[in-house]
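To keep things clear, I will list the structure first and then write my remarks on it.
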Amino acid sequence: MASLSVIAFLGLDELSLELAFLLLQSGYKVQGFESSESSVRDRFLELGGVQCGKPMEAARDASTVIVAVPEECLLDSLFGNDGAAKGLSKDAVIVLLSTISPGLLHKLEESARDMLGFGCLLDAFVFQGVSDAFKNKMFVIASGSQEALHRVQPIFSVISEKVYVLEGELGYASKVRAVNYLLEGIHLAATLEAMFLGVQAGMHPTILYDIISNAAGSSWIFVSLVPKLLNDANDFLKCLRVYGNNVTFVMDLARAHLFPLPLLAVASQQLMNGSFADEGRASEILEAWKLTYRVNLQEVARQQFYNPEGLADDLVKSSKFVQRIGFIGLGAMGFGMASHLLKSNFSIHAYDVYKPAMSRFAGLGGIIGESPEAIANDAEILIVMVANEAQAESVLFGDTGSVYALPDGATIILSSTVSPSFVMGLEKRLRGENKTLKLVDAPVSGGVKRAADGTLTIMASGTDDALSSAGLVLSALSEKLYIMKGGCGAASSIKMINQLLAGVHIAAAAEAMAFAARLGLKTKLLFEILKNASGYSWMFGNRVPRMLESDYTPYSAVDIFVKDLGIVSNQSCKLKVPHHISSIAHQLFVSASASGWGRYDDAAVVKVYEKIAGVKVEAKLSVVNKDDLLASLPSEWPEDPTESIVAMQSQTFLPVLVVLDDDPTGTQTVHDIDVLTEWSVDSLVKQFNKKTKCFFILTNSRSFSTEKAVSLTKDICRNVDTASKTLGGLNYTVVLRGDSTLRGHFPEATDAAVSVLGEMDAWIICPFFLQGGRYTIGDIHYIADSNMLVPAGDTEFAKDAAFGYKSSDLKEWIEEKTKGRIIASSVASISIDLLRKGGPTGVCNYLCNMQKAEIKGKRFLCRTAASFVSARIGIKRRSSICPRDLGVFGKVSGGLIVVGSYVPKTTKQVEELKSRLGNKLRCVEVSVDKVAMRTVTDREEEIVYAAEIANASLKACKDTLLLTSRELIIGKTASESLEINCKVSSALVDIVRRITVQPRYIIAKGGITSSDLATKAFEARHAIVVGQALAGVPLWRLGHESRYPGVPYIVFPGNVGGSSALAELVENWSGKYRTTKDLLLNAENGGYAVGAFNVYNIEGVEAVVSAAEDQRSPAILQIHPGALKQAGLPLVACCLSAAEHAKVPITVHFDHGCSKVELIEALELGFDSLMVDGSNLPFKENISLTKYISVLAHGKGMMIEAELGRLSGSEDDLTVEEYESRLTNVALAQEFIDETHLDALAVCIGNVHGKYPARGPDLRLDLLKDLRSITLQKGVSLALHGASGLPAQVIKDCINLGVRKFNVNTDVRMAYLESLRKPNKDLLHVMASAKQAMKAVIVEKMQLFGSSGKA
């Protein structure tokens, strides 16, 4: 067993010493092996390390072995006769710091598995930060198995605050190292080229170093190695050898991945110069370079030099004030410079060929001219900031050139990047004008923002007189001002060297990031790492973000560097200085321009690599196909852990889950769970005493300001803790249930909970919500949109006025929301790979199986979406709840749908609802402008009006949609937006409070809306989550203390469901609960039959409905063609209305439609089902008619009944003589069903319409049995007409043989006629008596059919 406190080192170098020091400081025992006697080994012992004689001895008892031996010694050091593997404990981890080729890395991994039987290797890139924020701080990038990374995490935490863990493939860290090596190699080659060219152009190397170190051409390599180059050749030679070897490693890796590295290829050739000289013989290299570049840098560096900044200070002190300045060139940089001078109280007269730029400048208070000549009149200083030499020539000497209008003695400041020779030629030409015009060579560096801020770096040269006149202007524009000796051309030479480095560094950044993409690295994460590493350059930090965003809005265009590196090439040729690396960079920019990207930002040079190699550097996450992505994941864990969780709940007293829900939608995945809307200590004690495994506290904090949400969270946590202690320290775990689309008060609410409850072992962040289509895969949080997954940061939710964000990667989201307090690299994640392959046991120690971890005494604070809660307490999924499940039937009043949510998804759902059910809904729209932005009077009038209309609509049994106007009104700040939301929500509350009719059901759309309605409008202090009305849509029963106790309250989140979800839900609850087919299918499943009762007037209709409600029985209202002919459409309307408002399922059926015309007309009258009676027709014609109507009816969702055979008897003036009747033929029945696709078959088995003969009914039950065998197989219901007069036993026998619909007419009609013979004083009494008589018969039939109690 390894000792967790022992760390071993194989191989000691400067980095190992630093790591050993940090570990020793933290109390670890450190032992090491180093084969060579060196000062490093001595210092290791001085620190307190223990030197071992063999690698095997060093590894003994160590939990971690850190390896930093050369690649050629690795196999022997680890797996040789005395190798570390022989001393390793089973749970030890080997961390490889050495630079290792992919082939050897693979071989080491295989050797580890063969010899040790487990994967214990980690690949690590460890370095000291170079950025100002992390200077000399350690960075750790490690890759390998999640288990090994988890084991070594405590060690990495001691070494570094910045730990980047890359789970999965071994070798990721080496790839990051390789990209850093690439940048170092190119930067070093460019540094050498720049220094030699600069010196040949007449610059002192020390001055060049001082200026470039503070300019855009700077890099860590330049800053760190130029002093060695100038002062310590032997030290520089050592560095050259190291970087040369590193470059060779990268080139080998690129060959393996078939990736072109033109810049690094050239750099590797240049760096070979460091490989031929032996250590201590640096003079050989200096001589070689002297032959190549015709200069010895170290000799030149020893020459006397001056202080350009000191000269600038002296110049500014002696400069005179300038009254009027002409400015030519209002491009990106020029506009910033001119506007800054304007703000600095200079009088600026400007010109640009682009008219909108001049108009914009005039809007700032500047003066514009129509030509260069116009703005040059009376100008003391003329600043020229154009793109190139040709444009400078034109604005100075063209047809309307400025030179001719300038007054004698004026000074021209040329700030464009041009060649030194052009500036020198321009100075000579100006002398020839005989106007004593002066020229200042003053190129600038720093970018658009610094131009506008007046913080540019400016190099200036010229005569003393020229410089003196321009000093104050140059000072106003610059943070760093350097005055160069050597006259005009000297400053441009410095700028040329800066542009050489800047251009190469941009191209190097492109090569590095494209190579990283080929290697499979996350480019955004790589940038975050390398901006702190030795491969950093100013241009890398500035341009790579544009590459990652694929945003090439031009700040400095590709064509600028085509020009600038062209200047470098021309001057190098004139000076006969080799310029390999800058030539390749130049060609890359030329290639980009030739591809049509010349006017793109210069960062677009990366597109050359993308095009050649077929890679994408862009870090912007793509929308992905859900099915494809889910299919690419490992198979799910084969066992359902729910049962084990439930068992654990019963066997072990786990902490009670207390869910603080920031809106009511968090109950989306649970059922039979309590919800509290107030949190007094007494209420919490009472709730704890119920010994439930979980309960919710509705906080609605998402609708509050941050300050109020924090205060509320602390208050609830204090009360929960007090209640727990009142009961003797009852264990509990707090879950802050938040939005699955990442909105809400994070981390403020989490911090507030911790401030009361104390520090936790971990925060658990889990926004996954299956029912809502929220998936977290590879740390990226996705929102499902149809069959596509959209990164959360690219959805409308991320643009939320109060809780917006940018990051889709949850680690980065945490860093973003905590404002860098918790950095992304410090956030651990449990991968889907680990969850699905390791299962609960495999991830227990990684905090996945919360129950086991909590049993071990760990304390967690959870910030999760809804799915986490149901999983944590082992709730099994339950099918969606429909009205019938809650005993809700009929329309005693309308349903109320209240919509307050503004997310686009909700707006689409409302549009679909109005489109599908608009004619059945009363829509009441509340003006947000009136209730949130206008006067109190306007607000009150709008509330009163909406309440009156909604109340009247509900009373009229009309489902009512109460919604806010859809135009989103937001404030100037997040807090103002929240305030508007609160006003709108409170207006909805006021409206609902004034509604006096109890709705049949309530749907609240949106989290804030549903919370405020429950607590403020309905005054609920307690509710039960019954289940889900739809997936992800919880259904509550409000508590007895509320205004509407027991009323179904559907909490519909704003961000859940497809476009039709709300419409489907309202349709389900709107009162039309069952079709005739549903009634018959339920009868089939329940083994009973449904009575279909012919009606002729309102008394008959009311008799059926009243009997059905009393008996809790389904029923069918039937209208015969004869009745329809007499009573007309009012009878149909009466039946439909009665069925709609009944408290039990009742449908309306058109009976015995004989002609095509009447059947087609019936299809349009609103019936639920109809009967095609072609029994009087020949068999084939019966099929034809029935099939024709069946197609039409099924298209409308209606059930079809048809008759085969022919009943004798009389019904509604239609008489069929006995000799005309015929029984149903079994053989024909099968064909009839197959051809017509009917739903119910009316059979003739000896039954008759009207009265049976004196001998009584003689039904062929054997025939019925045969027909049942056919219809059961086909899924067709059996109907039996002529139920009046059938004995009870015959009825029961028929039901047992499958009859599911009995037509009843004669018995009910006879009861009606008999009642009319009784004397009654008033028509009302006649109606009541008739109704009662019919009802008695109907009740008897329902009991006989077995349908009583089945509704």
Side-chain angles (χ1 to χ4, degrees), residues 129 131-135 137-140 157 160-165 449 522 524-532 541-542 544-545 548-549 619-621 660 662 701-714 717 736 738-760 762-767 776 779-781 791-795 797-829 861-865 970-978:
S131 63
D132 291 339
F134 295 99
K135 192 81 169 176
K137 297 287 181 65
M138 284 292 177
F139 280 69
V140 176
S157 297
S160 172
E161 297 176 4
K162 300 287 281 186
V163 179
Y164 295 86
V165 171
K449 185 177 185 305
K522 292 182 178 180
K524 187 174 182 180
L525 176 62
L526 179 74
F527 172 70
E528 293 300 318
I529 294 170
L530 293 188
K531 70 183 184 181
N532 296 288
N542 187 264
V544 170
L548 296 176
E549 292 295 324
K620 185 178 176 62
L621 295 165
L660 275 58
D662 72 359
S701 58
R702 203 187 312 163
S703 67
F704 298 161
S705 66
T706 299
E707 295 75 17
K708 189 174 179 181
V710 166
S711 175
L712 180 70
T713 303
K714 288 180 178 180
C717 287
L736 301 176
D739 181 46
S740 62
T741 62
L742 306 181
R743 298 170 299 163
H745 293 289
F746 178 83
E748 294 84 2
T750 315
D751 290 335
V754 168
S755 71
V756 174
L757 305 177
E759 287 299 326
M760 301 288 165
W763 292 2
I764 307 297
I765 310 294
C766 182
T776 304
D779 298 337
I780 307 301
H781 196 54
D794 296 332
T795 65
F797 306 112
K799 301 176 179 64
D800 188 280
F803 303 112
Y805 55 91
K806 295 179 180 179
S807 303
S808 302
D809 185 308
L810 286 184
K811 292 183 176 181
E812 295 173 5
W813 176 81
I814 291 170
E815 181 171 336
E816 177 187 347
K817 298 302 286 185
T818 61
K819 296 181 172 59
R821 190 184 87 212
I822 301 173
I823 57 175
S825 61
S826 69
V827 179
S829 65
L861 183 64
C862 309
R863 201 262 184 199
T864 78
I970 60 175
K972 296 177 181 177
T973 64
S975 60
E976 283 186 15
S977 294
L978 269 178

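K806 NZ: 12 or fewer foreign heavy atoms inside a 6.0 Å radius.
Every residue was checked against the ring pair (Phe, Tyr, Trp, His ring centres under 6.0 Å) condition with H781, not counting sequence neighbours, and none meets it.
The minimum heavy-atom distance linking T795 with K799 is given by the pair O-NZ, 3.5 Å. Residues D794 and S808 come closest through the heavy atom pair N-OG, 4.2 Å. Minimum interatomic distance between Y805 and F797 (heavy atoms only, all atoms of both residues): CE2-O, 4.1 Å. The shortest heavy-atom contact between W813 and L742 is CZ2-O, 3.5 Å. Between K714 and S755 the shortest heavy-atom distance is CE-OG, 3.4 Å. Across every non-hydrogen atom of W763 and P747, the tightest pair is CZ3-CB, 4.4 Å.
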Worked check of salt bridge (charged side-chain N to carboxylate O under 4.0 Å, His left out) between R821 and D751 = CA-CA 12 Å; R821 190 184 87 212; D751 290 335; 2.9 Å; yes
Any chance you could lay out the salt bridge (charged side-chain N to carboxylate O under 4.0 Å, His left out) test for K524 and E812, step after step, and finish with the verdict?
-> CA-CA 10 Å; K524 187 174 182 180; E812 295 173 5; 3.2 Å; yes
Under the side chain to side chain contact (heavy atoms under 4.5 Å, CB included) criterion, do T776 and L810 qualify, and how do the steps go?
-> CA-CA 8 Å; T776 304; L810 286 184; 3.6 Å; yes
Please assess K817 against I814 for the test side chain to side chain contact (heavy atoms under 4.5 Å, CB included), listing each intermediate value before the final yes or no.
-> CA-CA 5 Å; K817 298 302 286 185; I814 291 170; over 6 Å; no
Does the side chain to side chain contact (heavy atoms under 4.5 Å, CB included) test come out yes or no for S160 and K137, once each step is laid out?
-> CA-CA 7 Å; S160 172; K137 297 287 181 65; over 6 Å; no
Dump the intermediate steps for side chain to side chain contact (heavy atoms under 4.5 Å, CB included) on R743 and R702, then the final yes or no.
-> CA-CA 8 Å; R743 298 170 299 163; R702 203 187 312 163; 3.8 Å; yes
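We find the CD1-CZ distance between I529 and F139 to be 9.0 Å, quoted to the nearest 0.5 Å. Rounding to the nearest 0.5 angstrom, the gap separating the SG atom in C717 from the CG atom in L861 is 7.5 Å. Rounding to the nearest 0.5 angstrom, the gap separating the CG atom in L525 from the CG atom in D779 is 10.0 Å. Of the inter-residue distances, the one linking K449 atom NZ with N542 atom CG reads 11.5 Å to the nearest 0.5 angstrom. A distance of 8.5 Å separates CG in L548 from CD in E528, rounded to the nearest 0.5 Å. Distance check, rounded to the nearest 0.5 Å: CG of L736 to CZ of F746 gives 9.5 Å.
Looking at I764 and R863, their side chains never come closer than 4.5 Å, going by heavy atoms from C-beta outward.
In this structure, the ring of F704 has its center no less than 6.0 angstrom from the ring center of H745.
A donor-acceptor pair shorter than 3.5 Å can be found between the side chains of E816 and S807. Neither side chain, D662 nor S701, offers a donor N or O lying under 3.5 Å from an acceptor on the other.
Looking at T864, its side chain never comes within 3.5 Å of a backbone N or O of C766 through a donor-acceptor pair. In this structure a side-chain-to-backbone donor-acceptor pair under 3.5 Å is missing from E815 to I823. When atom types are taken as modelled, the side chain of S711 and the backbone of E707 share no donor-acceptor pair closer than 3.5 angstrom.
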